[in-house]
Amino acid sequence: MKDYKYIGSELSLFKNAKNWKKYYSKIIIPYLGQFVLEVGAGIGATTKVLCRSDHKRWVCLEPDPSLNKILQVEVNSLPICEVKKGSLIDIGANELFDSIIYVDVLEHIQDDTEEIKIAVKHLKTEGFLIVLAPAHQWLFSSFDESVGHYRRYNYLTIKQLTLADLKLINLKYLDSVGLIASLSNRYLRQAMPTLRQIRVWDTWMIPISKIIDPLLRYKFGKSIIAVWQKS
C-alpha cells in the first residue's frame, strides 16, 4: 500500500450528495459506539456526517497520500478524529473498535473476504461491522470501471462474507429511484456523472426513495447496506 494511488475522481462530486449521506447515516449511526474505525475515509465527506462529539475515538484510515493530506484538513475541526495513512495491516494488533465502517470502499478491495477476516480481528466482542456498497452486478458500468470497482454486491454475495464469528443483523437495499438512474447511466456508458446529475439525484430522487424504500421493504435499490455483529 506504500505507493497506492486512488484512480477515481468522483469524491469531490459526491460530497455534494447531502441528502443521500443523511439518509444512510440514520441507519449507520445507532451501531457506531464510542470507538470507530473508518476504512478508506477519502476526503472526509462521510466522516463529517457520521462523527459525533459523544465518540471517544474515531480513526480515519486512508492509503492514498494525496487524499490523506486533504483528509487531515477536512477533519481538523473534529478533535476526536485521528487520520492514519495506510490500510488495516497498519492498525496495531491490540487496537479494538466498537465498529468498523466501509462506506463505498469494500468494492474497491480485490480480496474482500480477506479484508473482512482482518477487520473482525479489530472488532470488540458484540462490535459491529458496517458496509455500504453499490448493488447489483448487472448495473456494473463504465463509472464502476473508472473508479476502480472490482464488483457490485447483492444479498447473496454480501451473505457470503459472513464469517463464523459474525451474525448478519441488518441487510437492506437503498435508493430504489436511483436504481433507475443508474440503469440509464449503464446504457449511456457514462464514465462520470456531472455535478448537475448529482444534484438532481440528491435533491429529487433521494427524498422519493426515502418514502418508497420502506414500502418496498428495502428489497430494491442501487446501494446495499449490511451490518454484522461479532459474537
Side-chain angles (χ1 to χ4, degrees), residues 1-18 20-92 95-112 114-116 118-124 127-134 147-150 153 174 198 223-228:
M1 298 298 288
K2 181 180 178 181
D3 301 316
Y4 176 81
K5 181 173 176 57
Y6 180 54
I7 66 170
S9 59
E10 85 288 2
L11 296 180
S12 59
L13 273 175
F14 279 89
K15 73 177 183 180
N16 296 288
K18 300 185 185 301
W20 169 235
K21 293 182 184 300
K22 288 179 182 177
Y23 183 22
Y24 69 67
S25 69
K26 287 184 178 180
I27 300 171
I28 291 175
I29 285 173
Y31 297 106
L32 291 178
Q34 294 185 326
F35 296 87
V36 181
L37 174 61
E38 181 186 356
V39 181
I43 59 174
T46 298
T47 313
K48 292 163 79 172
V49 173
L50 294 177
C51 187
R52 298 289 188 271
S53 59
D54 55 346
H55 300 301
K56 290 187 176 179
R57 186 187 185 205
W58 188 293
V59 178
C60 297
L61 190 60
E62 174 52 53
D64 183 296
S66 299
L67 296 181
N68 201 276
K69 290 178 181 178
I70 297 171
L71 185 58
Q72 293 273 5
V73 175
E74 290 294 324
V75 303
N76 186 55
S77 61
L78 303 171
I80 63 164
C81 284
E82 305 170 27
V83 177
K84 187 174 183 65
K85 179 179 171 293
S87 62
L88 276 181
I89 61 173
D90 299 299
I91 299 294
E95 292 187 77
L96 298 176
F97 299 88
D98 295 314
S99 62
I100 300 177
I101 59 176
Y102 292 80
V103 175
D104 292 323
V105 170
L106 195 62
E107 65 274 13
H108 293 274
I109 298 173
Q110 187 169 12
D111 193 341
D112 54 353
E114 183 62 25
E115 179 75 13
I116 296 299
I118 299 172
V120 170
K121 294 178 182 178
H122 293 285
L123 268 182
K124 296 179 182 179
F128 298 100
L129 175 65
I130 304 159
V131 171
L132 177 71
V147 298
H149 290 176
Y150 285 99
Y153 291 92
L174 300 178
I198 294 294
S223 292
I224 191 168
I225 189 164
V227 181
W228 292 268

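Sequential numbering from 1 along the given sequence is applied to the chain's residues. Just so you know, these numbers come straight off a predicted model, no measurement behind them.
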If you take all heavy atoms of [X] and [Y], which pair is closest and at what distance?
{"X": "Ser87", "Y": "Leu61", "result": "C-CD2, 3.4 Å"}
{"X": "Ile130", "Y": "Ser99", "result": "CD1-CB, 4.3 Å"}
{"X": "Glu107", "Y": "Ala133", "result": "OE1-CB, 3.6 Å"}
{"X": "Tyr6", "Y": "His108", "result": "OH-CE1, 3.3 Å"}
{"X": "His149", "Y": "Val147", "result": "NE2-CG2, 3.3 Å"}
{"X": "His122", "Y": "Gly92", "result": "CE1-O, 3.1 Å"}

[atom1] of [X] to [atom2] of [Y]: how many Å apart, nearest 0.5 Å?
{"X": "Asn16", "Y": "Lys21", "atom1": "CG", "atom2": "NZ", "result": "9.0 Å"}
{"X": "Ile109", "Y": "Ile118", "atom1": "CD1", "atom2": "CD1", "result": "9.0 Å"}
{"X": "Ile101", "Y": "Leu32", "atom1": "CD1", "atom2": "CG", "result": "6.0 Å"}
{"X": "Leu67", "Y": "Cys60", "atom1": "CG", "atom2": "SG", "result": "12.5 Å"}
{"X": "His55", "Y": "Gln34", "atom1": "NE2", "atom2": "CD", "result": "9.0 Å"}

So [Y] and [X], do their side chains get closer than 4.5 Å, heavy atoms only?
{"X": "Ile224", "Y": "Leu174", "answer": "no"}
{"X": "Ile91", "Y": "Leu37", "answer": "yes"}
{"X": "Phe14", "Y": "Ile198", "answer": "yes"}
{"X": "Trp20", "Y": "Ser223", "answer": "yes"}
{"X": "Glu95", "Y": "Phe35", "answer": "no"}
{"X": "Leu50", "Y": "Ile29", "answer": "yes"}
{"X": "Leu129", "Y": "Ile116", "answer": "yes"}
{"X": "Ile225", "Y": "Val131", "answer": "no"}

Please determine, by modelled atom types, if Asp112 and Tyr153 share a side-chain donor-acceptor pair under 3.5 angstrom.
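Their side chains do contain a donor-acceptor pair, which is all the 3.5 Å distance test asks for.
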List the atom pairs, donor and acceptor, that lie under 3.5 Å between side-chain atoms in residues 77-84 and the rest of the protein, sequence neighbours left out.
unit_1, atom_1, unit_2, atom_2, d
Glu82, OE1, Arg57, NE, 3.4
Glu82, OE1, Arg57, NH2, 3.2
Glu82, OE2, Arg57, NE, 2.8

What's the verdict on side chain to side chain contact (heavy atoms under 4.5 Å, CB included) for Asn68 and Asp64, showing C-alpha distance, side-chain angles and the deciding distance?
CA-CA 6 Å; Asn68 201 276; Asp64 183 296; over 6 Å; no
Check the pair Val59, Phe97 against side chain to side chain contact (heavy atoms under 4.5 Å, CB included), reporting the backbone distance first and the verdict last.
CA-CA 9 Å; Val59 178; Phe97 299 88; 3.8 Å; yes
Please tabulate, for side-chain N and O atoms in residues 38-49, each donor-acceptor pair with protein atoms closer than 3.5 Å (sequence neighbours left out).
unit_1, atom_1, unit_2, atom_2, d
Glu38, OE1, Thr47, OG1, 2.6
Glu38, OE1, Trp58, NE1, 3.1
Glu38, OE2, Thr47, OG1, 3.3
Thr46, OG1, Tyr24, OH, 3.3
Lys48, NZ, Glu74, OE1, 2.7

Determine, stepwise, if the pair Leu88 / Glu115 fulfils side chain to side chain contact (heavy atoms under 4.5 Å, CB included).
CA-CA 8 Å; Leu88 276 181; Glu115 179 75 13; 3.2 Å; yes
Does Lys124, at its NZ atom, have more than 12 non-hydrogen atoms belonging to other residues, nucleotides or ligands within less than 6.0 Å?
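Enclosed: over 12 neighbouring heavy atoms sit under 6.0 Å from NZ of Lys124.
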Going by the rule ring-ring contact (aromatic ring centres under 6.0 Å, His included), which residues pair with Tyr102 if we only count those two or more places apart in sequence or in a different chain?
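With sequence neighbours excluded, Tyr102 shows a ring-ring contact (aromatic ring centres under 6.0 Å, His included) to no residue whatsoever.
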